[in-house]
Protein chains: 2
Amino acid sequence: MNIGDVAKASGLPAKTIRYYEEIGLIRPQRGANGYRAFRDTDLHKLAFLGRARALGFSIADCRNLLQLYEDDSRTSAEVKEIARGHLDEIDAKIRDLSEMRRTLAALITACAGDNRPDCPILDGLAMEQPT
Amino acid sequence: MNIGDVAKASGLPAKTIRYYEEIGLIRPQRGANGYRAFRDTDLHKLAFLGRARALGFSIADCRNLLQLYEDDSRTSAEVKEIARGHLDEIDAKIRDLSEMRRTLAALITACAGDNRPDCPILDGLAMEQPT
DNA sequence: ATAAGGGTTCCAGTGACAGGAAGGTCAAGG
DNA sequence: CCTTGACCTTCCTGTCACTGGAACCCTTAT
């Protein structure tokens, strides 16, 4: 399979697949013409990577997960630890964003949004709230 | 005020303040020794920027907000539009993260996390779920 | 022979800084 | 007067995970 086929099959852009090779996540063979020659295992790995990335795992996490995936002597505890660490990060991000959302929504609600210059949003950013 | 004082007062790292000058968000004067000489207005702007960034506004948004902040002929509608656009982005991020969280949490729950190699997390990433 | 549609490499840019090197400046203490 | 240490300066590189584009090669069909 050429890179275009693998891109279609995996849903990843060809650019991304080349990048994954560059950083050593996959090692496709090469044909006589210099083209990458992907085997099924490469395709599986790319699909795996695509799903892991879609769940927000970092490339470093993906590398570890892929290694565990290929290691028959892994323990599920190792995998679960990575996943839980990532879940914690996701939760932290959701918390941060929710707090931002709360503050921002309050400012937006307070703002008339008309053609006058008075704006509680700018006041809030400038900390010029009237007592 | 020197950059260190302003950094303490605004809560922004000196590196960030230099960066904000570099991209034209602030224009502090310079003393005879080459040091940046910050006035109160610079400090206010930096505090404004710090709060806008803490709400997740992009630098581009911050630039626009700062411009509106200094423009007496602004309308609150302009400000509100920027803020609502950003709120939409935050909501989209929260939705994405929540969906990731949902999927990931399900996988984690299904994983024993013991010393055996069987792992629903890896299976899920590899799409090898038993029917 | 040529044109379209693959593929290849390499370089630059993204956003918003952070780290660090090399060197100038300032105030206090010996 | 000199040194020490804490500042300040600029400049360069690195981050993360790609994306865009240039310049060029290969394959297949007409």
Side-chain angles (χ1 to χ4, degrees), chain A residues 1-39 42-43 45-46 48-66 85-86 89-90 93 96-97 100, chain B residues 1-38 42-43 45-46 48-66 85-86 89-90 92-93 96-97 100:
Chain A
M1 294 176 91
N2 284 344
I3 199 168
D5 309 314
V6 180
K8 263 177 218 151
S10 68
L12 296 172
K15 278 273 186 191
T16 298
I17 297 173
R18 292 196 191 96
Y19 173 67
Y20 287 172
E21 180 188 16
E22 189 188 329
I23 63 173
L25 287 179
I26 52 168
R27 302 188 187 282
Q29 295 177 325
R30 294 292 179 133
N33 53 12
Y35 288 16
R36 288 168 183 83
F38 295 87
R39 292 155 302 175
D42 297 317
L43 180 51
K45 280 198 206 178
L46 287 168
F48 182 101
L49 287 169
R51 278 184 286 266
R53 293 287 299 134
L55 286 181
F57 283 102
S58 69
I59 291 287
D61 279 348
C62 287
R63 197 184 299 272
N64 291 329
L65 289 171
L66 205 51
H86 181 46
E89 286 171 15
I90 289 178
K93 278 187 195 169
D96 288 352
L97 285 169
M100 282 182 199
Chain B
M1 294 175 92
N2 283 345
I3 200 167
D5 309 314
V6 180
K8 261 177 222 153
S10 68
L12 295 171
K15 279 272 184 191
T16 298
I17 296 173
R18 292 195 192 96
Y19 174 68
Y20 286 172
E21 181 188 16
E22 189 189 329
I23 64 174
L25 287 178
I26 52 168
R27 302 187 185 284
Q29 295 178 326
R30 295 290 180 136
N33 53 9
Y35 287 16
R36 288 168 184 81
F38 294 87
D42 297 316
L43 180 52
K45 280 198 206 181
L46 287 169
F48 182 101
L49 289 168
R51 279 185 286 267
R53 293 287 300 133
L55 285 181
F57 282 103
S58 69
I59 291 286
D61 278 348
C62 286
R63 195 184 300 271
N64 291 328
L65 289 171
L66 205 50
H86 180 47
E89 286 170 15
I90 289 177
K93 279 186 194 169
D96 289 352
L97 285 169
M100 283 182 198

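For clarity, every value in this text was computed on a predicted model and none was experimentally measured. Just so it is clear: chains get the letters A, B, ... in the order the sequence lines come, proteins before strands, and each one is counted from 1.
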Considering just the side-chain nitrogens and oxygens of A:Arg36, establish if one lies under 4.0 Å of OP1 or OP2 belonging to D:dC26. no
Reckon B:Tyr20 touches a base, only the sugar-phosphate, or nothing at all at heavy-atom distances under 4.0 Å? sugar-phosphate
In whole angstroms, the gap separating C1' of D:dT19 from CD of A:Glu22 amounts to 13 Å
task: Using a cut-off of strictly less than 4.0 Å, decide whether B:Arg18 has a side-chain nitrogen or oxygen near OP1 or OP2 of D:dT9.
output: yes
Ignoring backbone atoms, establish whether B:Asn33 has a side-chain N or O less than 4.0 Å from OP1 or OP2 of D:dT9.
-> no
Winner on side-chain proximity to B:Ile59, out of C:dG19, D:dC8, C:dC17, is C:dC17
Looking only at heavy atoms, the pair that brings A:Arg27 and A:Arg39 closest together is O-NH2, 3.8 Å
With the side chain defined as heavy atoms from C-beta on, B:Ile3 is closest, among C:dA16, C:dG7, D:dC8, to D:dC8
Side-chain atoms of B:Arg30 come closest, of C:dT25, D:dT10, C:dT8, to D:dT10
A:Thr16 side chain near D:dT19 phosphate (N/O to OP1/OP2, under 4.0 Å): yes
When rounded to whole Å, the CZ to P distance for the pair A:Arg63 and D:dC18 reads 12 Å
note: B:Glu21, atom CD; D:dT10, atom P; distance rounded to Å ~ 7 Å
When rounded to whole Å, the NZ to C1' distance for the pair A:Lys93 and D:dC16 reads 11 Å
By nearest-nucleotide position on DNA chain C, the 5'-leaning member of A:Gly4 and B:Tyr35 is A:Gly4
From the candidates D:dC26, C:dA18, C:dG24, the one with an atom nearest any side-chain atom of B:Lys15 is C:dA18
B:Leu55 CG to C:dA16 P, in whole Å, measures 15 Å
Checking D:dC18, D:dT27, C:dG24 against the side chain of A:Arg53 (C-beta onward), the nearest is D:dC18
